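Quick caveat, the model's predicted, so the values are computed rather than measured. These numbers come from the heavy atoms of this one structure, side chains and all, not from hydrogens, waters or symmetry mates. Chain identifiers are assigned alphabetically (A, B, ...) following the order of the sequence lines, protein sequences preceding nucleic acid strands; residue numbering begins at 1 within each chain.
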Amino acid sequence: MTRSVIIVGGGHNGLICAAYLAKAGYEVKLVEARDRVGGGASTVSFAGGYSVSGLAHILHSLNEKVCRDLNLAGAGLKAGPAVDTISLDRQGRHLTLGANTASGDGLSQKDIDAYRSFKNEYRAYAAALDPLMMNKPPRLKDMDGRDKLTLAKIGMKLRFGLGAKSMREFLRVGGINIYDILNEVFDNESLKGAIALDAVLGHHMGPRTPNTVLAYLHRLRGENQGLPTLPPGGMGQVTQAISDAAHGFGATIRTGEKVKRILVSDGKTSGVELSNGEQLHADIVVSNADAKTTFLDLVGTGELDAMFAHRVNQTRCKGTVAKVYLALSELPQFGDLSPEQLGHRLLVAPDMRYLEHAFNFAKYGEFSRAPVLEITVPSIADTSLAPAGHHVMSVSAGYAPYELKEGWEQQRTIFMDKVIALVGEYAPGFEQLVVGKEILTPVDIEREYNLTGGHWHQGEMTIDQSFMMRPVHGSAQYDTPIEGLFLCGATAHPGGNVTGIPGHNAAQRILKTQGESG
Amino acid sequence: MAKHDFKQVLEPTPFHARVDEQSLVKNWTSWNGYQTARVYDTLASEYFAIRSSCSVMDLTPMEKYRITGPDAFKFLSHLVVRDISKLQVGRVTYVLWCNDEGKVLDDGTIFQLAENDYRLCSQHHQLDWLLLSSLGMDVNISKETHEVAALAIQGPTSCSVLTEAGFRGLAQLKPFRVLQTNLHGFEVMISRTGYTGDLGYELWTSPENALELWDAIFAVQNLYNIRPVGLDALEIVRIEAGFIMPGDDFNTAETTVRADHDRSPFELGMDWVVNFNKPYFTGKRALIAEQALPIRRRLVKMSVKGNKPPADSFLYDGKSGKRIGTIKSQVWSPILKANLAMADVEYRNGVAPSEVWAEIYYQKELEWRATWAECRIIDKPFWSHPRRSATPPGQF
């Protein structure tokens with residue numbers, strides 16, 4: 001008899017999990033609350049006639065094994081043009097950062113050389129962690145054969161892949177902060193600020209926060225497969241391709257249907273109940289929702305042990321980034337940047353002190369007086385996103401803490417205008433080009449995307465919430481205390497970013513424990 | 001009640017004026033932070049008051065929690081391992097509760113006072129665990145240890161004493177039932193519950209009526225032998241009755257640091273309290289898994305031969321055999337003329353050892369000696385009396 005699966009939520013991980021299970025012969029039904037699949041990686045329209053990636057706007061680490069296994073290229077996935085990173089400077093001394101190359105006015109040869117060796121070294125660290133990423137996180141107690149193999153592989157990669165010297169360095173830096181590391185390696189403040197942004201954006205962390213090196217390695221992992229890209233049609237095109245692949249393998253995908261609860265009796269799940277009261281039954285339920293939503297809202301604390309529910313409730317899961325969509329009547333002028341250069345990834349992260357100061361506000365429930373920005377203008381490469389001659393700009397703006405002291409209701413537009421004014425400081429006259437604008441604060445993201453705390457990664461990616469403790473111990477290997485219920489979202493190991501790895505790993509776990517074929 | 005002065009190390013209970021007056025030996029100890037008498041006069045007279053006439057004990061320090069709200073029942077049912085669905089207004093039930101790993105945190109009683117209104121009494125402080133367990137439930141939990149004055153009136157003549165003191169309708173009160181009544185115009189709740197294995201009642205009232213309640217009971221002292229009793233006498237009778245004492249007979253899960261030093265209900269011989277045919281409760285998954293395996297150890301009741309007190313003794317599977325356990329608490333039972341003990345004993349392949357010997361160290365005129373005593377595991381309470389469960393209990 002074919003084993004049936006219901007997947008709660010059609011974010012990219014839910015879709016990938018659905019595709020793998022359908023491919024293996026399971027009868028898969030995916031239920032998504034929003035009217036389109038993709039979750040945070042979808043394309044939305046705004047301001048009448050403009051389209052933009054909903055939350056994630058750069059594809060930088062979709063796992064290549066996943067792409068291969070599911071033949072996503074065959075399903076229509078287009079990665080789009082690779083982009084460099086340009087760190088904006090008020091005086092026009094912009095820095096351009098590639099995978100290994102750094103250039104810009106005022107950058108010393110020492111820093112240029114250091115950048116190359118730093119990136120090589122840190123990409124090697126990220127690669128050393130690969131066995132850990134692509135497998136269920138090993139348990140430290142009651143290991144199975146697979147866990148031992150994973151640990152052995154990491155040991156081999158660290159010791160023989162990196163070599164003794166690099167391994168020692170990796171063990172030194174693994175848990176500390178990016179601020180100290182970058183000060184050791186580089187002189188140029190602007191360069192340090194640009195790199196540090198990758199270690200903190202999306203997290204409740206500043207450059208001086210311990211753990212930021214690990215966060216940076218997570219982010220860097222994608223670079224081992226190639227440069228970040230801006231997919232044509234926005235991120236929605238990527239997840240649509242995954243959805244089509246899943247559909248091609250036989251998965252049924254239903255959108256606009258919200259799961260109200262996960263049915264549990266005698267410690268086993270039997271399916272889900274939709275908000276319209278309809279019950280769908282299945283042998284297995286896989287949740288793409290975050291841990292708090294899955295356990296506290298959909299399962300309910302009544303079906304859980306008290307301390308487990310408490311642990312889930314205590315996980316840190318408050319977003320710090322707002323999303324701003326801007327419709328522009330024409331391309332802005334950032335100093336001497338060419339229109340082609342504007343198509344790259346632009347940063348407002350002038351130096352690490354600036355980032356740390358920006359973060360200080362978030363600690364006390366305020367938004368940054370001088371925010372940190374990651375900007376893309378996807379309409380340069382894909383003109384279909386905006387009416388002829390017009391453009392769209394997508395801005396991820398930190399820090400905008402979920403719990404704002406004064407509440408977001410009144411502050412939402414104030415922060416949005418602050419972001420616009422800040423861009424204007426780098427591109428004079430920018431405000432006059434804005435013909436449409438919209439902001440999603442973490443509170444809006446929580447509501448619109450069903451993401452607790454509006455957190456990018458469905459939970460802070462700190463060491464205490466990683467690996468065999470992600471989301472909490474007792475549910476860290478994709479399975480849960482509820483028999484037949486699994487997690488497949490970023491809330492599970494190895495965490496966030498559009499990698500597809502949690503979805504892949506969850507599917508592998510299900511196939512391993514529930515039968516290799518449906 | 002006036003707020004307790006923090007400079008006082010031990011807090012007085014609402015009965016303290018009388019307790020202090022009656023305490024001849026001033027042998028105080030702390031019970032949950034309250035100043036409590038271990039002995040008032042002599043242990044023997046207090047013990048025999050419980051067993052032969054009527055005893056009065058200040059029960060106020062017992063931890064008391066009020067649980068109200070629409071999800072109060074759901075909360076309690078999810079908290080405890082026992083099926084409490086038959087609980088109704090005016091009834092009391094014994095319960096125990098576990099952590100996620102199915103290890104016992106504490107035991108106690110639940111009183112249903114009204115619809116969606118319960119009192120949970122426990123041995124140790126549990127407020128943190130109760131609050132933590134209430135996540136996602138519409139329930140209000142507050143500690144009311146100091147807001148409720150409580151007396152235990154226990155012994156063969158307890159019904160007669162209380163009736164004589166002015167309470168009506170006690171003779172018809174069944175075990176684990178509650179009577180809401182009043183005395184001299186103030187409200188008193190009486191439950192037929194106790195910790196002695198004999199006929200007995202617990203009286204609950206507001207602290208401002210505490211002294212008047214005490215006085216009303218002792219007013220009939222001319223007719224009956226009534227004595228205040230301390231914790232030492234209680235320790236003897238509770239072991240005779242076979243009641244476990246969390247924290248003494250086993251380490252409670254909350255205070256356990258070392259692996260395997262906590263205990264499940266099965267390991268305490270409390271299987272009868274655990275019910276898997278009810279909705280999920282904390283520890284259920286762990287207990288189902290544990291039950292599938294042969295039991296590894298058990299807290300057992302044992303009688304120990306001879307007259308040497310087997311305090312803290314190691315237990316062996318034969319004289320000079322393999323060590324298989326320790327004695328957790330023990331008393332000399334005057335009524336049974338025997339050494340009774342609660343002991344933690346290892347089982348082999350789920351079976352109790354066929355032979356248990358205690359190695360006893362004792363002193364003769366300050367000189368230490370050692371001896372061996374054979375022990376017998378006993379399943380039933382060491383001592384009980386038909387009047388404990390009879391209604392009416394009869395006049396004694």
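The residue among Pro481(A), Gly267(A), Gly300(A) with the most heavy atom pairs within less than 4.5 Å of chain B is Pro481(A).
Heavy atoms only, all atoms of each residue included: Glu303(A) and Arg285(B) are closest at O-NH2, 3.0 Å. For the pair Tyr280(B) and Gly302(A), the tightest heavy-atom approach, listed with the atom from each and the gap, is CB-O, 3.4 Å.
Under a cut-off of 6.0 angstrom, the local environment of CD in Gln514(A) is crowded, with over 12 non-hydrogen atoms contributed by other residues, nucleotides or ligands. More than 12 non-hydrogen atoms from other residues, nucleotides or ligands lie less than 6.0 angstrom from CZ of Arg447(A). More than 12 heavy atoms of other residues, nucleotides or ligands lie within 6.0 Å of NZ in Lys328(B), so this atom counts as buried by the packing criterion. Within 6.0 Å of the CZ atom in Arg296(B), the count of heavy atoms belonging to other residues, nucleotides or ligands does not exceed 12. Within 6.0 Å of atom CG in Asn276(A), more than 12 heavy atoms from other residues, nucleotides or ligands are found, so the atom counts as buried in its surroundings. The environment of NZ in Lys363(A) is crowded: more than 12 heavy-atom neighbours from other residues, nucleotides or ligands sit within 6.0 Å.
No side-chain donor-acceptor contact under 3.5 Å links His310(A) to the backbone of Leu135(B).
For Phe276(B), no part lies under 4.5 angstrom from a heavy atom of chain A. For Asp100(B), the parts sitting under 4.5 Å from any heavy atom of chain A are the backbone and the side chain alike.
Rounded to the nearest 0.5 Å, atoms CE (Met307(A)) and OG1 (Thr282(B)) are 9.5 Å apart. A distance of 7.5 Å separates CD1 of Ile288(B) from CG of Asp266(A), quoted to the nearest 0.5 Å.
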